[in-house]
Protein chains: 2
Amino acid sequence: MNIGQASNASGISTKMIRYYDEIGLVRPASRTDSNYREYDQREINELRFIKRARSLGFSMEEITQLLSLWRDRERPSRVVKDIADRHIADLEARIVEMQAMAGTLRHLSHCCAGDDRPDCPILADLTAGKEPTQPAKAPARTRARYS
Amino acid sequence: MNIGQASNASGISTKMIRYYDEIGLVRPASRTDSNYREYDQREINELRFIKRARSLGFSMEEITQLLSLWRDRERPSRVVKDIADRHIADLEARIVEMQAMAGTLRHLSHCCAGDDRPDCPILADLTAGKEPTQPAKAPARTRARYS
DNA sequence: GGTGGACCTTCCCATGATGGGAGGGTCAAG
DNA sequence: CTTGACCCTCCCATCATGGGAAGGTCCACC
């Protein structure tokens, strides 16, 4: 299978397949005399593995680990589970964060007339923005020239 | 106020403040004789506006629009609301997507023993992919038709 | 045999928002 | 004057992805 067929079989663009080759994630089984990449079923399966993992939101770094575990028939499932659980926690944290954003914005949008008048609680909120809570990294200021 | 003080007052790194200058988003009011950027209260307020908008997940492009609306006292609030509503829809779509990922992964993780044995439903799922091939108990010899 | 077009190759560039760091100038306190 | 915190510009890197140029290869059709 050449790269185009590998792309069709895996759903990954040729650009990305070449990239995975370049970074050493999935290497073609061989090259033809004319330097075309040749993939066999094993690599196709790996590409599909990556496709699926990406669709579940794993980063390329996590996928590198998962792929290496996948190739290792002796891996303890605990290691895989740990990676998945960390990713779940990461997803959940980002969901919470985005829900907070959406909630705030829904409230502001709800309060905004959305007509031709300029008064806008959304802009008002952005203007009022919270003071940056300054944890202050530097204590002693030899040069406190600010007011 | 020089750039460091503007950074402290806005919560935005000096790197990013220089970047905003470079792309024309927030220009310093002036420069000193020694070419230091000088910000006054108006720019500080704009930087804080940006900080707050970023914390609500707006992209820089959206912020560019919002900032321009903020500067225009005649803007119709409708335009602001439209931007916010589109952003809310975007956030919600991403939340739904990530919830689906997290849900799938929670299920897989739940089914994974997470011990020293190699059997792992998580890797099995990634292997199975989402192709028209059977889901699970059908180890058919999907062979041939490639060469 | 020739030709056209679909394919393949490598190399370079761009994204968005951010940070790191080098190399050098400026400012105020000691 | 020295010191060191601060500022300047310029370049590079990220992460995953795509665009495109310049050139080589394959194959089916005439």
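Proteins get letters first, then strands, A, B, ... in listed order; numbering begins at 1 in each.
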Practice task
Would you kindly give the CD-to-P distance between B/E22 and C/dG19, to the nearest whole Å?
Solution key: 15 Å
Completion exercise
Result for side chain to side chain contact (heavy atoms under 4.5 Å, CB included) between A/I83 and one of A/L69, A/I63, A/I88 points to A/L69
Practice task
Using a strict cut-off of less than 4.0 Å between a Lys/Arg side-chain nitrogen and an Asp/Glu carboxylate oxygen, indicate whether A/R71 and A/E46 qualify as a salt bridge.
Solution key: yes
Handout entry: Closest non-hydrogen atom pair, A/R78 against B/G114
Key = CB-O, 3.3 Å
Handout entry: pair B/L126-A/L56: side-chain heavy atoms closer than 4.5 Å
Key = yes
Handout entry: Under 3.5 Å side-chain donor-acceptor pair for A/T32 and A/E38
Key = no
Fill in the blank from the handout: Per-nucleotide protein contact along nucleotides 7-18 of chain C, 5' to 3', at a 4.0 Å heavy-atom cut-off (B base, S sugar-phosphate only, - neither), is BSBBB-----SB
Exercise for the section: List the steps, then state whether side chain to side chain contact (heavy atoms under 4.5 Å, CB included) holds for A/L67 with A/Y20. Expected result: CA-CA 12 Å; A/L67 201 47; A/Y20 296 156; over 6 Å; no
Exercise for the section: Round to the nearest Å and state the distance from A/I12 atom CD1 to D/dG18 atom C1'. Expected result: 15 Å
Completion exercise
Taken to the nearest whole Å, CG/A/L25 to C1'/D/dT17 is 15 Å
Problem - Spacing between B/D33 atom CG and D/dC8 atom C1', to the nearest angstrom - result: 15 Å
